Structures are given as structure tokens and as C-alpha cells.
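The structure presented is a predicted model; accordingly, all values stated were derived computationally and were not measured. By convention in this document, chain letters (A, B, ...) are assigned in the order of the sequence lines, proteins followed by strands, and residues within each chain are numbered from 1.
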Amino acid sequence: MSLWVDKHRPRDLMKLDYHKDQAIRLKSLVQQSDFPHLLVYGPSGAGKKTRIMCLLRELYGSGAERLRQETMHFTTPSNKKIEIMTVSSNYHIEVNPTDVGIHDRVVIMDLVKNVAQTHQIDSSGQREFKVVILNEVDDLTKDAQHALRRTMEKYVATCRLILIANSISRVIPAIRSRCLTIRVPAPTESEIANVLHIVCKKEGLSLPTELAMRIAKSSDRNLRRALLMCEASKVQQYPFTADQKVPEPDWQIFIKDTARMALSEQSPKKLGEVRQKLYELIIHGIPPDIIFAGLLKELVRNCDMSMKCQIASHAAQFEHRMRLGNKPIFHLEAFVAKFMAIYKKFMEDSLGDVF
Amino acid sequence: MQKERKWFKPIFEFNETSSPKKNKRNDAKNKSPTYEKPSKRHNSNTTYNFNDKNWMKNFEPVNIEDVAVHYKKIHEVEEWMRTACNKSNNDMLLLSGPVGSGKTATVRTLASKYNIKVTEWITPVDIEYPSVLGDYEIKESQSKKFLEFIINSANFTSLLDNNSCKLVLVEDFPNVFIRSPTEFTDVLQQYKHRAKSPIVFICSETHADNKNTAFHLFTASLKEQFNIHHIMFNSVSATGLKAALKRAVDIISKKYTFTYNIPTADLIESIVNSSGGDIRSAILNLHFASLKGSQFNLETSIIKEKEVKNKTSRKKKSVSNKFMSLGKDQTVSILHGVGRVLNPKEITTSDGHKIMSHAPKDIIDQFLSHPSSFINFLEENYLPHFSCINDVDKALMALSEGDCLISEWREKICQEYGLYVAIAGLMTANKSPVSAWNPVRGPKNMKIQYPSLSELPILEPNYLYKGKVLVTDYLTYTKIIGS
Amino acid sequence: MQAFLKTGKISNADKPSSSGTKVVKKKPPAPWVEKYRPKTIDDIVDQGEVVQVLRECLAGGDLPHLLFYGPPGTGKTSAILAAARQLFGDITRDRVLELNASDERGIQVIRDKVKSFSQLTVSNKRPDGRPCPPYKLVILDEADSMTSAAQAALRRTMERETRTTRFCLICNYVSRIIPPITSRCSKFRFKPLARENVIKRLQEVCEAEGVDVGNGEILQEAVHTCEGDLRRALTALQCCQRLIGKITPEGLIEVTGLVPQELVDKFLSTKNYSELEAFVDSFLMDAYSASQLLEQLSATVVQSGHLTNKQKCVISEKIAVCSHRLLDGGAEVMQLTDLGCTIIMANSDP
């Protein structure tokens with residue numbers, strides 16, 4: 001049994017459910033004599049990976065879909081052994097260079113070199129190059145990005161890179177200008193609802209339109225999450241009703257709880273409890289910037305405009321520091337403390353006004 | 001005249017040399033070494049009697065009861081030695097334990113008790129030099145020499161004495177074994193076949209470097225193969241140390257009053273505290289601290305320190321602080337450092353200024369080698385000391401800024417600044433401290449624990465799930481769907 | 001691009017500046033930027049004085065150390081490459097060492113590679129006997145990204161090897177070059193290109209490529225979106241042509257990653273926090289780039305007619321702070337929210 005997300009993933013460029021114009025352009029790109037490096041960017045769950053897999057299929061035929069998982073080993077200049085998971089077919093290889101932290105540069109250089117130096121065995125294949133897919137390019141270190149730029153030029157004859165990023169703000173211009181950039185906006189809510197209907201129909205289920213819209217709304221325009229939510233709802237209750245509960249991601253609930261704690265009482269003791277919650281979130285792998293955004297959203301709800309402004313400005317400041325520093329918890333905690341201090345003052349002032 | 005004197009200084013010196021020469025000649029007549037000249041002030045006789053070079057020997061245990069090791073351990077070793085020597089077979093014993101825990105002393109004292117002759121292998125220095133031909137030959141000869149030595153000393157009695165029992169002691173392992181442990185196995189094999197006396201190996205454990213110690217030669221399988229008996233020593237307990245030092249003081253008061261001052265109880269206390277269970281360094285410290293001639297400034301400074309802080313609880317600390325240069329524990333522990341930052345004490349100086357009893361600068365100097373781990377400790381422990389959220393806010397501002405600076409690896413100085421910002425910020429932020437006892441906790445392990453894919457069987461195995469997406473999207477729902 | 005050189009298909013003089021050129025394939029058709037790079041200094045668009053000086057230098061056969069600076073895409077690299085080609089002709093490959101930011105350019109490289117290259121003496125005759133200048137040329141592209149230690153190492157080399165080697169440094173910001181070096185070079189400032197000249201050049205290229213661009217409208221748009229950067233405009237045109245098959249204003253915006261102007265205006269006129277939140281969410285969901293928004297916003301704010309000077313000050317200051325944080329890797333949503341708050345406050349307090 002596989003998840004709906006995987007089961008009903010479109011495998012052909014022409015069968016994509018939205019951004020159809022773009023699909024046609026991608027298809028024509030494949031048919032042209034040469035194929036550029038690509039930089040595909042868009043928010044999480046917008047369908048970047050799906051499009052890339054379709055593109056690979058278009059390039060190499062169904063052979064690109066026979067995947068296998070491997071662990072590759074690299075040695076850093078300081079003689080540290082690192083290993084990284086890769087998924088590859090005969091024609092491409094995919095990695096998450098950010099998995100190895102600051103050693104990402106080594107992985108990129110060695111991997112691309114390896115791939116570029118092993119020529120396609122099957123010369124009857126229609127392409128003389130292999131494809132390297134790099135995930136989360138925007139989270140790469142600057143060092144690695146610069147290395148990437150050189151690597152792209154050097155091995156252009158035998159290897160093409162497809163870079164995946166959530167946003168191009170953090171990709172250095174030198175890389176941007178060497179790639180054909182493809183923007184994949186998140187699907188709109190109605191597009192998501194539409195996909196949900198199609199999937200349910202394939203599964204032989206009937207999905208009320210209201211429920212589809214509600215799922216689409218609470219999924220933050222993330223199609224993957226929407227499909228998972230839909231499937232989870234089905235497990236919880238079927239036949240569907242229009243007003244049934246849609247399960248939220250548990251970490252979102254957790255962040256909301258944390259924010260509520262900070263609002264309920266502003267004392268060092270409470271901060272200690274909030275800190276425990278933040279630890280939990282970080283250890284379970286929720287990215288700190290998402291925690292920041294979630295907290296900000298919840299905390300400013302019942303503040304007046306000038307306070308909102310203050311808090312947002314502090315959030316931006318601490319988030320920036322978090323990027324510079326290496327202990328996210330320091331800055332998250334500092335933000336919560338700052339909020340508590342501001343909020344407490346505000347409450348005291350407004351109480352003072354009442355009396 | 002002044003100028004001339006400067007220019008012609010060598011001449012003046014030349015003129016003056018006559019008097020030191022004379023002194024020297026006088027000294028030579030007295031047969032007293034020049035370095036003991038200052039002690040002439042007190043008593044010229046003392047210098048004479050302090051000619052015993054191996055003064056450590058003075059304090060060596062004579063009876064087995066004097067050894068500052070737990071009696072059960074001694075008993076264990078004693079048992080083994082008795083049986084091994086009686087059977088006069090080739091049993092093997094391994095003694096391991098921290099430095100200065102009395103391993104060698106135990107063996108030697110027991111051996112003298114049972115009248116066993118101990119032959120000790122000492123790696124000769126000359127074979128350390130590699131020859132021009134390459135070091136293969138050397139290796140060969142080093143292990144060969146070792147084997148020859150231990151077998152010969154195990155099997156042949158010296159003509160000069162007629163001991164019935166013999167014991168081979170190996171404390172100094174030839175380097176070649178550390179490089180190639182298999183050779184050691186071969187040597188042991190040979191020994192097992194040919195030797196007729198028990199052998200004792202002594203290994204010191206150091207937690208500093210785990211590699212390259214002889215202790216790692218003795219793997220579990222090796223011990224099993226040769227049936228090596230293993231006795232582990234712990235570091236000497238405080239009471240054991242005290243007893244041993246007391247014995248040493250007795251020896252001093254009986255025989256060596258002209259060499260040593262009789263140490264005070266405070267001094268012994270501080271030596272026990274600072275030696276960390278190392279009997280050898282404790283004796284060494286005792287020796288230096290109570291040696292006549294050097295003791296005066298030490299003693300007086302201790303007294304001064306005591307006058308400043310007359311609280312009894314403080315006394316011990318200040319005494320041990322004074323002996324930092326003597327003891328092995330030279331650094332302030334990280335826990336002390338955390339305490340100093342989180343409970344800053346202000347002292348009012350004579351001219352009315354308030355200063356910190358421990359300046360941030362001093363604390364920084366202690367922790368510059370590992371700023372980030374210290375700051376982690378601070379972060380973990382600061383919160384219970386605060387009572388007002390506004391102070392917490394200020395403290396966290398400092399910590400957050402400190403973290404940023406410490407992460408700036410391109411400029412070395414930033415580490416120092418970062419630590420300074422964090423420490424000084426924390427020390428000054430707290431306006432209304434909570435005075436309660438808070439145990440210092442270690443920082444949390446913040447390594448992200450991604451769920452393993454095996455926990456989530458419904459995920460497609462060949463799709464590279466990114467950590468982030470896996471956690472934020474899949475995890476919740478796969479749990480629901482999978483249940 | 002290095003791959004071209006490795007295979008030796010194109011002479012060294014064609015080695016492009018690395019910033020902003022597009023690498024697409026190993027066989028022709030080459031990127032338009034390369035294909036239409038000026039062959040002689042007289043082809044350089046719009047840099048009258050510089051060209052004049054260079055021409056005189058070439059006629060005299062001697063070059064001083066050069067320092068070219070100016071905004072991207074104004075022809076700095078093209079100028080020196082064209083000059084080198086005119087000086088050395090077919091032996092350009094042996095006489096020119098070009099290093100750009102993507103090459104290793106730490107202090108070690110300056111010490112070893114540049115030094116050993118510059119110490120070689122060359123004759124004043126070509127292999128075939130014709131005369132040529134008796135020196136070599138080291139081109140350091142994107143010199144402002146060199147560390148100051150490497151620059152300092154360079155300065156001794158520059159001084160000592162003047163007899164055999166000329167240096168040409170190319171950078172965007174002359175302030176990032178250490179003074180000892182700037183004082184050793186003749187400085188040339190490359191002005192931003194005049195719009196009509198850029199359009200003329202683009203038109204020539206499009207005609208040569210056989211691409212239909214209709215009347216001047218689209219090219220006007222292209223120049224506008226690329227802020228006078230000829231290279232960027234050419235790259236954008238080519239990308240657009242490849243991806244869509246024809247050149248349209250929408251296509252240009254798409255390939256350059258620009259934020260549509262109406263979104264910029266909407267952001268600037270945000271009234272309250274919930275509106276801001278919704279805007280930021282949908283903006284990021286549509287995968288627009290926050291740094292690009294800030295760039296465009298900055299231009300809009302400065303030219304805006306309805307903002308007071310005070311408002312402009314406040315907003316511009318925040319834009320600067322936020323784009324710095326974005327450069328350091330800050331989260332887009334945070335920075336946009338922060339900036340949005342400032343805009344709201346500024347809007348309510350003219």
C-alpha cells in the first residue's frame with residue numbers, strides 16, 4: 001500500500017493538473033537540441049519534484065523511473081568520513097547536500113565529478129549527459145554555492161544539474177544566471193480542491209466540495225499536505241461529511257500551544273516551560289525558521305498595531321541572528337523573552353489606564 | 001663618572017669577580033652545592049642532610065598496611081601472587097588504573113613481603129633510533145629483546161641471590177607493540193610456552209588520550225586467550241590519601257625535621273583536595289609545600305588569604321586556590337565558572353566603587369579554549385536565577401549576540417568578544433536574583449532526530465524524503481493513515 | 001565555460017566574464033552574450049572616453065596597469081578582451097592569464113600562479129616574426145571579491161613585474177580595491193549604457209538571430225527590466241526565446257524573475273497587519289523572490305510621488321536592513337513582515 005501522494009503522482013508532463021502552460025514549455029525544452037541547467041524553485045508542496053521526474057521521463061524514457069537507494073561515501077579534506085543517501089537511476093542521481101552540513105561543498109564537487117567522469121554506458125541512449133539533482137540549494141553554504149558555479153561550467157559536457165530551491169533569494173546570482181530558472185508557484189486553493197476531487201474519484205470515493213475546500217484552505221496551499229490530510233481524514237471517518245474535522249499537522253498544534261503559553265503568563269518560570277517546548281520542536285526536526293514564523297503569527301494576534309510592528313521587527317532581527325549563530329534555541333528563546341517583556345509592559349499599561 | 005661607569009661596565013665586573021670566586025671557594029670547602037646557598041641563612045647542617053636525591057623513597061610504603069589502596073584490592077593482588085608464586089607457573093596479571101593509584105607500590109610492597117624477586121623491563125633508549133637501513137630491523141630487535149629479557153628473567157635466577165620466587169614486571173611497553181599489537185600476541189605466546197615465572201603487566205589509564213596507550217593492547221579476546229587475570233584499581237580515596245599523608249608527616253616529624261617544616265592540617269587538606277586521588281602527586285606537593293626555604297611565601301600567602309575571607313566555608317576553597325600551581329587541577333571547572341557568572345558577587349572597594357569579585361575578563365580567560373560549550377552551559381542554567389522577565393530579556397539579548405559573535409569563525413577575536421558580551425551581559429542583567437540553590441545542568445543534546453524510514457513503512461522506499469518535508473508534512477499523517 | 005577552453009575550440013580571448021553569462025551547452029549555438037561579444041574595441045557600446053584611451057594605448061603598443069570599474073553589463077570584460085585580442089592576435093592564449101571569482105583566487109594562487117606567470121619574460125616577436133608587445137596580460141575579473149590579503153600580495157607582484165606583465169583588474173565597486181592597488185592602476189569608469197544604444201545593440205542581435213521582436217516596445221521593456229545591463233538583457237532575451245519560443249513582455253518578466261509592478265505597488269500601499277500577512281503569504285506562495293521585491297521596491301520608493309521625504313527615509317532604511325538580513329540568509333517571511341510593518345507605520349504617519 002502506498003500513499004495517495006505517491007500513487008497518484010502524475011508521471012507525464014502532459015498529465016500535470018495545473019501550470020499546464022509551463023508543462024508545454026518544458027516539453028518543448030526537452031525537444032530542443034540542447035538542455036540547459038535548471039533551477040526549479042517554488043514553495044514546499046508546489047510540485048517541483050513531480051515536474052522534474054516527469055521531465056526526466058521525458059528525457060530518458062521510463063528507465064529514469066527505476067530508482068535505487070544507495071549510500072555514498074566521501075572524505076573531506078580534513079579526512080573526515082561522511083556519508084550521504086542518494087537515490088539514483090541509470091540516468092540521474094539525486095542528493096540532499098545539506099544533510100552533511102558544512103561539508104556540502106565536498107559532496108557537490110565529488111559527486112558531480114564522479115557523475116561527469118563516468119560516461120553513459122548505453123550510448124544508444126538519446127542523451128549524452130547525465131542529470132544530477134540537488135535538493136535545497138538555497139540552504140547550501142555560500143562556499144558550496146560558489147563551488148557549484150565552477151562545477152557547472154567545468155562538467156557541462158557530460159552532466160546537467162537540476163537545482164531545487166524553495167526561494168531564489170538565497171541562491172547567489174552567479175548560479176541563477178547560469179541556469180534556466182523555472183518558477184513553480186504553489187497551486188491555488190481551487191486547484192488543490194480540484195486535484196483532491198480527481199484523486200478521490202480515482203480511489204472511488206465521493207468527496208463533498210465543502211470538505212475539499214476546507215482541506216485546501218488548511219493545507220497552506222501545499223498540495224502534498226492537502227493530499228495527506230485528505231487521506232488521513234478518510235482513515236478517520238468515511239463516508240466523508242462536509243463538516244468533519246480535518247487533522248492539522250501536530251507540530252502546528254504544538255507551536256500554537258507554545259504561543260498560548262507565552263501569552264498566558266509572562267514570567268521566567270513560564271519561559272522555562274516554553275523553552276522545553278521549543279527544545280522538543282527543534283529536536284524533532286522542525287526547521288527553526290518555521291517555528292519563528294509560526295510563533296510570530298500566533299503571538300501578534302491580539303496586539304495593537306504598534307506592538308505588532310515592534311514584535312515583527314524583533315522577530316526579524318532574532319531570526320537573522322539565528323542564521324548567523326549556531327544555536328537556534330538561544331534566539332528563539334530570546335524572541336519569546338522579548339515578546340513577554342513587551343507584552344507584560346503593554347498589559348500593565350492598559351491595566352493602569354483602566355483604573 | 002656615571003657615564004664612564006656605564007661604558008666600562010665589563011671592567012667593573014671584572015674587578016668584582018674576585019669576591020664571588022672567593023665565595024665559591026668557601027662553598028667548595030664546605031662541600032655544599034651552590035644551589036643550596038640561600039638555605040645557609042637558617043642552618044648549614046640542613047643542606048647537608050638533604051643530599052638524599054631520591055627523597056620520594058623516604059615516603060615509600062614499607063609495610064603492606066601503609067599502601068594507600070583499598071585493602072580488598074590489595075588482598076586480591078596478594079592472593080594472586082601467592083598462588084602464582086607457589087605453583088611457579090607462568091600466570092599473567094594485568095593491573096590497570098589511573099595514574100598514581102598505587103599499582104606499582106602494591107606490587108613492590110607485596111613482593112618484598114613474600115620475598116619475591118621482581119625483575120622489571122625497561123625499554124632501552126638506544127633502540128629508539130631508527131637506522132639508515134629502515135626501521136624493520138629495529139622493530140624486530142625491539143620485540144625480540146623484550147621477549148628474550150622477560151623469558152630469561154623468568155627462567156634463570158641470578159647467581160648473586162637465591163630467591164626461590166621470581167616475578168617479571170612490565171610497566172614500560174616497547175613502542176613497537178603499540179604500533180603492531182599482533183607482535184605482542186606472539187610474544188605472549190612464546191612466553192606461555194617457555195617461561196616458568198608469573199608476569200605482571202601494569203597499565204595506566206589516562207582519559208586524555210585513548211589511543212596509543214598500552215592498555216589497549218589488552219583486548220578482551222587477548223585476556224581470554226592467555227587467561228590473564230585483570231585487577232582494576234580506582235584512584236585513591238580521600239581518606240586513603242589523608243592516611244598516607246599523615247604517615248608521611250610522621251616520617252617527616254621523626255627523621256626529617258631539618259629538611260621540612262611540619263605541614264599544617266590545612267595544607268594537607270588542600271593537597272588532598274587538589275591532587276584528585278593521585279597519591280604520587282600528593283606526595284610531591286607535600287614535599288614542595290613543606291620544603292624549608294621555599295615554604296615561607298607560600299605559608300604567609302595562605303594566611304593572608306584566610307584573613308580576607310574568614311567565612312569557614314570559603315576557607316577551603318581559597319586554600320586550594322592558592323595551591324593551584326602545585327596541584328594538578330589547574331583550571332576552574334566549568335561548573336565553578338557557571339556559578340561565578342550566574343551569581344555575580346559585588347565587592348565594594350575602599351574608595352567606594354563596586355566591582356565584581358570575579359571580573360568577566362578573568363572568567364573569559366579560563367574558557368577561551370571552548371567558548372561555545374561554556375555559553376551552552378550558561379544558557380542551560382541561567383533561567384532559575386532570574387525573577388523578572390525584563391532582566392531575562394536583557395540576558396538573552398546578550399546570549400543571542402554572544403552566539404552570533406562566537407559563530408563568526410573568520411575573525412579569531414570575535415570568539416573572545418562573543419564570550420565577553422555573553423558573560424558580562426549575564427552578570428549585569430540580573431537586578432533581582434533568586435537566591436536558591438540550583439544544580440548546574442549540562443547542555444542538552446540538540447541533535448535533530450529525524451524519524452527513521454523504517455518506522456514509517458508506508459512511505460515509498462525509493463523516494464528521497466527530505467528531512468524537513470518528512471517531518472513537517474508526512475509524519476503526522478502517515479501515523480494516522482498507518483494506524 | 002571552462003570546458004570550451006579545455007577542448008580548445010575557442011581561443012582564450014573568447015573566455016567570457018563569468019558573472020552572469022549563461023552556460024547552456026557544449027556545442028554551438030553559443031550563448032548570445034558570447035556570440036556577439038565585441039571583436040574590437042571600436043565595437044564597444046557607448047564608452048567613448050575609455051575606448052579613446054585604449055585605442056591610443058594600442059596604437060602605441062603599450063598599456064599601463066588598468067582598473068576598470070562600473071555597473072555590471074557595461075562592457076568592462078569585453079573591452080579588455082577585445083584589446084587583448086587586438087594586441088596579441090593569435091598568440092593571445094599564451095600571453096593572457098584570466099582569473100575570475102570562480103577560480104581559486106586566494107592568497108596562495110596570487111603567490112604561485114600569478115607570480116610565476118608574470119615572471120616569465122616574453123619576446124617582442126611573434127613566432128612568425130611579426131612584432132608584438134613584449135609583455136603579458138593578467139586579467140583579474142571580479143577583483144572586488146578578492147580578499148584584501150590576496151590583494152596585498154598582488155601589489156608587490158604588480159610593482160616588481162611591470163617590465164614583463166600588465167595587470168587589468170575589473171570590478172563593480174572600486175571602493176573594495178585596496179588603495180595601494182588603485183594608485184598603481186589607471187582607473188577607467190564605465191558609465192551605465194544609454195538606453196537607445198542598448199536597444200540598438202539588442203535589435204542588431206535579434207536581427208542576426210532571426211528573432212522577431214516586433215516594434216521597439218518589447219526591447220524597451222527588456223531594457224527597462226534589466227536596468228541597462230546589456231548582458232542581462234541579452235541573456236533574458238535568449239532564455240525567453242528558448243523557453244517560450246518567442247519574446248513577449250510576460251516571458252521576459254518570467255525568465256528574469258521580476259516581481260510584477262502591481263505587486264510592488266500593493267505592498268507599498270498596505271494598510272493593516274492582516275492585509276500584510278495575506279500579501280506576504282501569497283507573495284511567497286507564488287515563489288517570487290523577496291530580494292528582488294526589495295530591489296524593485298527601493299527604486300519605486302525613491303521615485304514615488306505620493307510619499308513624503310520622511311516616509312521615504314524610514315522605508316528606505318528598513319529596506320536596507322532587511323536586504324542585508326536576506327543576504328545573510330534570513331527567512332523571507334520574517335523580513336517582509338518586518339518591512340511591511342514599517343511601511344504600514346510610515347503610511348499612517350506621513
Side-chain angles (χ1 to χ4, degrees), chain A residues 1-3 5-6 44-45 49 67-69 85-87 94-96 98-99 135-136 222 224-225 228-229 231-232 234-236 247-251 266-269 271-272 275 279 282-287 290 318 321-322 324-331 333-334 337-338 340-341 344-345, chain B residues 372 375-376 379 382-408 418 422 434 443-451 457-483:
Chain A
M1 171 187 142
S2 69
L3 294 168
V5 192
D6 300 324
S44 184
K49 196 70 165 297
L67 301 174
R68 57 182 177 271
Q69 213 163 8
M85 283 286 271
T86 64
V87 168
E94 180 184 350
V95 283
N96 264 357
T98 40
D99 287 355
N135 279 313
E136 298 175 8
N222 181 335
R224 173 176 41 234
R225 199 179 291 167
L228 285 163
M229 275 178 175
E231 193 176 350
K234 188 234 155 194
V235 171
Q236 284 181 334
E248 253 183 288
D250 45 7
W251 55 270
Q266 291 79 38
S267 69
K269 190 167 150 284
L271 183 64
R275 171 156 84 169
Y279 274 143
I282 292 175
I283 285 176
H284 284 95
I286 309 295
I290 291 187
F318 283 118
R321 281 194 188 171
M322 183 178 79
L324 296 181
N326 45 21
K327 288 279 163 188
I329 185 71
F330 280 39
H331 310 282
E333 200 178 328
K338 180 61 90 185
M340 282 181 167
K344 194 174 175 208
K345 186 164 180 298
Chain B
S372 59
I375 205 172
N376 285 347
E379 211 273 344
Y382 77 96
L383 199 52
H385 296 268
F386 284 79
S387 65
C388 175
I389 193 73
N390 292 327
D391 296 345
V392 175
D393 175 32
K394 276 182 208 127
L396 272 168
M397 269 310 245
L399 275 175
S400 148
E401 212 144 329
D403 179 49
C404 284
L405 282 171
I406 285 175
S407 309
E408 176 56 69
V434 178
K444 285 212 173 43
N445 177 10
M446 297 300 277
K447 197 166 161 36
I448 295 174
Q449 294 156 347
Y450 287 117
I458 28 176
L459 293 181
E460 191 128 326
N462 278 337
Y463 186 78
L464 197 63
Y465 292 98
K466 301 194 282 175
K468 208 154 75 179
V469 170
L470 180 68
V471 173
T472 50
D473 285 354
Y474 284 101
L475 196 58
T476 318
Y477 299 111
T478 45
K479 271 184 197 151
I480 297 175
I481 297 165
S483 62

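Contacts of A:Lys344 with chain B are made by side-chain atoms alone, with heavy-atom separations under 4.5 Å and no backbone atom involved. The part of A:Ser44 that comes within reach of chain B is its side chain, from C-beta onward, which places non-hydrogen atoms under 4.5 angstrom from that chain. When heavy atoms are compared at a cutoff of 4.5 Å, B:Ser372 does not approach chain A at all. The contact between B:Ile375 and chain A is made by backbone and side chain atoms together, counting heavy-atom distances below 4.5 Å.
Here the closest heavy-atom approach between residue B:Tyr477 and residue A:Pro247 is recorded as OH-O, 2.8 Å.
The distance from the CE atom of B:Met397 to the CZ atom of A:Phe318 is 4.5 Å, given to the nearest 0.5 Å. Between the NZ atom of A:Lys327 and the CD1 atom of B:Ile406 there is a distance of 11.0 Å, given to the nearest 0.5 Å. Considering CZ of A:Arg321 and CG of B:Asp403, their distance stands at 10.0 Å, rounded to 0.5 Å. Separation of atoms CG (B:Leu399) and CD1 (A:Ile329) is listed at 11.5 Å; rounding is to 0.5 Å. Between atom CG of residue B:Asp393 and atom NZ of residue A:Lys345 there is a gap of 12.5 Å, rounded to the nearest 0.5 Å. Atom CG of A:Asn326 sits about 9.0 Å away from atom SG of B:Cys404, to the nearest 0.5 Å.
Distance alone, capped at 3.5 Å, places no donor-acceptor pair between the B:Ser400 side chain and the A:His331 backbone.
With chain B as partner, the option from A:Glu248, A:His284, A:Met229, A:Gln236 having the largest number of non-hydrogen pairs under 4.5 angstrom is A:Met229. Of the residues considered (A:Gly325, A:Ala337, A:Ala334, A:Pro268), A:Pro268 shows the highest number of contacts with chain B, using heavy-atom pairs under 4.5 Å. For chain B, the option among A:Thr98, A:Leu271, A:Ile290 with the highest count of heavy-atom pairs below 4.5 Å is A:Leu271. When each of B:Leu405, B:Leu383, B:Val434, B:Asp391 is checked for heavy-atom pairs under 4.5 Å with chain A, B:Leu383 comes out on top. Ranked by heavy-atom pairs under 4.5 Å with chain B, the first of A:Lys234, A:Gln266, A:Glu333 is A:Glu333.
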